[in-house]
Amino acid sequence: MASPFTTSAGAFLQSVLHPQGIQAERIWNLWNLTLVLCGAVFFLIVTVFLYALWRAPRSTAITKADIHNQHSKRVHHIAIAWALGLSAAGLGSLFAVDMLTARQLSQLLPDDALRIDLTGHQWWWQATYLNSAGAPDFIVANELQLPVGRTVLINLRSDDVIHSLWIPALHGKLDLIPGRTATLRLRADAPGSYRGQCAEFCGEQHALMALLAIAKPAEQYEAWAVSQRRPAAPPQTESAKHGLRVFLSNGCASCHTIRGTAAAGTLGPDLTHLAARETLAAGMLPNQRGHLAGWIANARAIKPGVAMPPSTLTPNDLHSLLDFMETLR
């Protein structure tokens, strides 16, 4: 059983030692080959060193230095030649295998691939799922839901500074550079929750810019996608209805979108199905009512530097807002 990586938001696999996709497995195989080759070189060097110590002539304090031993010079030259030859062969082999692995990482067939535009922001992720025509289908924040066994093409972009996406159990690192688009091809071969991370220093909260990739069977993924395409359900209770009014009248709608309501802001994450997500604050917190209340009240006290300002809601308004947001499934 793979050892999970534990965070405040739960336990998710984040390990290059337990590949769960074909791309990560190829990287893992390259690492194993590198480890074996370098280990063999280290063992050989230590063995030759110990042999040289054992065969070295013994001397005393009055023994004169022998600087004209031609036999020693020949051995010295032979040793240098072997060292250079073996080093060149080893490094050449690693280079060839590395290039082969790099080619294999981009050879997943795009036929019937799921396509996602992933944009990095300081300090969160926006995933725009695309339909078969390449148009936006629905938007999710800080989470990727993936069908097991299906190729996924992720177009990587940055909205501000350089970020880097790394989901160790599924693939290696790839940078998100402002003004450019890079494409990451991956395939999850086993169901599970795999934690990803921004791997390029991008500012104050770089270490807390996580991404959760959840791989599930195709039928479960399709059911999830259908639910994500729907607008938010209208609130039913009086408290939740009041919470919607609070959301629309207190500046929340100027930054966030909730499809099915008048909220259409684009500066912050899309909240249409917030309650269905597992984490808050880019993987920093579990998606629970108490954490959500603290985030709404003063996000900057939890994650300094974020753009979301503190709120001045009354306890009754905050309670109603939470009731409304818990309906966003």
**Q** Are Lys173 and Asp175 ion-paired here, with the side-chain N under 4.0 Å from a carboxylate O?
**A** no
**Q** Side chains of Asn155 and Thr183 only: does a donor on one sit below 3.5 Å from an acceptor on the other?
**A** yes
**Q** So, do Leu86 and Val41 sit near enough that their side-chain heavy atoms are less than 4.5 Å apart?
**A**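 Counting from C-beta outward, Leu86 and Val41 never come under 4.5 Å.
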**Q** Which atoms form the tightest heavy-atom contact between Asp189 and Gly149, and what is the distance?
**A** OD1-CA, 4.4 Å
**Q** For the backbone of Thr272 and the side chain of Asp270, can you confirm whether one donor and one acceptor N or O come within less than 3.5 Å of each other?
**A**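 Such a contact is found between Asp270 side chain and Thr272 backbone.
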**Q** Heavy-atom distance under 4.5 Å between the side chains of Leu170 and Gln20, does that happen here?
**A**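 Result yes, sub-4.5 Å side-chain heavy-atom pair found.
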**Q** Between His171 and Ile27, which heavy-atom pair has the shortest distance, and what is it?
**A**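 The pair with the smallest heavy-atom distance is C-CD1, 4.0 Å.
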**Q** Under a 3.5 Å distance rule, please check whether Arg329 uses its side chain to pair with a backbone N or O of Leu274 as donor and acceptor.
**A**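 Between the backbone of Leu274 and the side chain of Arg329 there is no qualifying donor-acceptor contact (under 3.5 Å).
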**Q** Sorted by first residue and then second, give each salt bridge (Lys or Arg N to Asp or Glu O under 4.0 Å) pair with at least one member in residues 233-256; sequence neighbours left out.
**A**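 Matches after skipping sequence neighbours: Glu238-Lys241.
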**Q** Taking the six-membered ring for Trp, are His121 and Trp124 parallel (under 30°), tilted (30 to 60°) or perpendicular (over 60°)?
**A** parallel
**Q** Closest heavy-atom contact between Ile177 and Ser158?
**A** C-CB, 4.2 Å
**Q** Can a donor-acceptor pair be found, under 3.5 Å and without considering hydrogens, that links the side chain of Trp125 to the backbone of Leu144?
**A**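 Checking the backbone N and O of Leu144 against the side chain of Trp125, no donor-acceptor pair under 3.5 Å is found.
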**Q** Report yes if the side chains of Phe247 and Ile296 come closer than 4.5 Å at any heavy-atom pair, otherwise no.
**A** no
**Q** Report the residues that fulfil side chain to side chain donor-acceptor pair (under 3.5 Å) with His256, sequence neighbours left out, ordered by chain and then residue number.
**A** none
**Q** So which atom in Met209 and which in Gly120 form the shortest heavy-atom distance, rounded to 0.1 Å?
**A** CE-CA, 4.1 Å
**Q** Between the side chain of Lys303 and the main-chain N/O of Ala281, is any donor-acceptor distance below 3.5 Å?
**A**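 Indeed, once roles are kept as given, a pair shorter than 3.5 Å links the two residues.
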**Q** For residues 115-124, which residue pairs qualify under salt bridge (Lys or Arg N to Asp or Glu O under 4.0 Å), counting only residues two or more places apart or in two chains?
**A** Asp117-Arg157
**Q** Examine distances only and state if a side-chain atom of Arg259 and a backbone atom of His273 form a donor-acceptor pair shorter than 3.5 Å.
**A** no
**Q** Rounded to the nearest 0.5 Å, how far apart are CG of Leu176 and SG of Cys198?
**A** 7.5 Å
**Q** Is it the case that more than 12 heavy atoms not belonging to Arg180 sit under 6.0 Å from its CZ atom?
**A**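 Not buried by this count: 12 neighbours or fewer within 6.0 Å.
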**Q** Without swapping roles, check the side chain of Arg185 against the backbone of Thr151 for a donor-acceptor pair under 3.5 Å.
**A** no
**Q** Just by distance, do the side chain of Gln205 and the backbone of Pro304 share a donor-acceptor pair under 3.5 Å?
**A** yes
**Q** Spell out, yes or no, whether Phe324 and Leu248 are grouped together once hydrophobic residues are joined by side-chain heavy atoms under 4.5 Å, including indirect joins.
**A**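 Phe324 and Leu248: one cluster.
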**Q** Given the rule in the side-chain hydrogen bond (donor to acceptor under 3.5 Å, both in side chains) test, do Asn316 and Thr314 qualify, once you have shown the distances and angles that lead to the verdict?
**A** CA-CA 5 Å; Asn316 180 64; Thr314 65; 5.2 Å; no
**Q** Is a side-chain N or O of Tyr129 found less than 3.5 angstrom from the main chain of Arg229, in a donor-acceptor match?
**A** no
**Q** Out of curiosity, Asn287 CG to Leu280 CG, how far, rounded to the nearest 0.5 Å?
**A**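 Spacing of CG (Asn287) from CG (Leu280) equals 4.0 Å.
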**Q** Test your reading of the model: is there a side-chain donor-acceptor pair from His206 to the backbone of Glu200, 3.5 Å cut-off?
**A**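 Flag set: sc His206 to bb Glu200 pair under 3.5 Å.
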**Q** If we ignore hydrogens and angles and just use 3.5 Å, is the side chain of Asp160 paired with the main-chain N or O of Gln122 as donor and acceptor?
**A**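 Checking the backbone N and O of Gln122 against the side chain of Asp160, a donor-acceptor pair under 3.5 Å is found.
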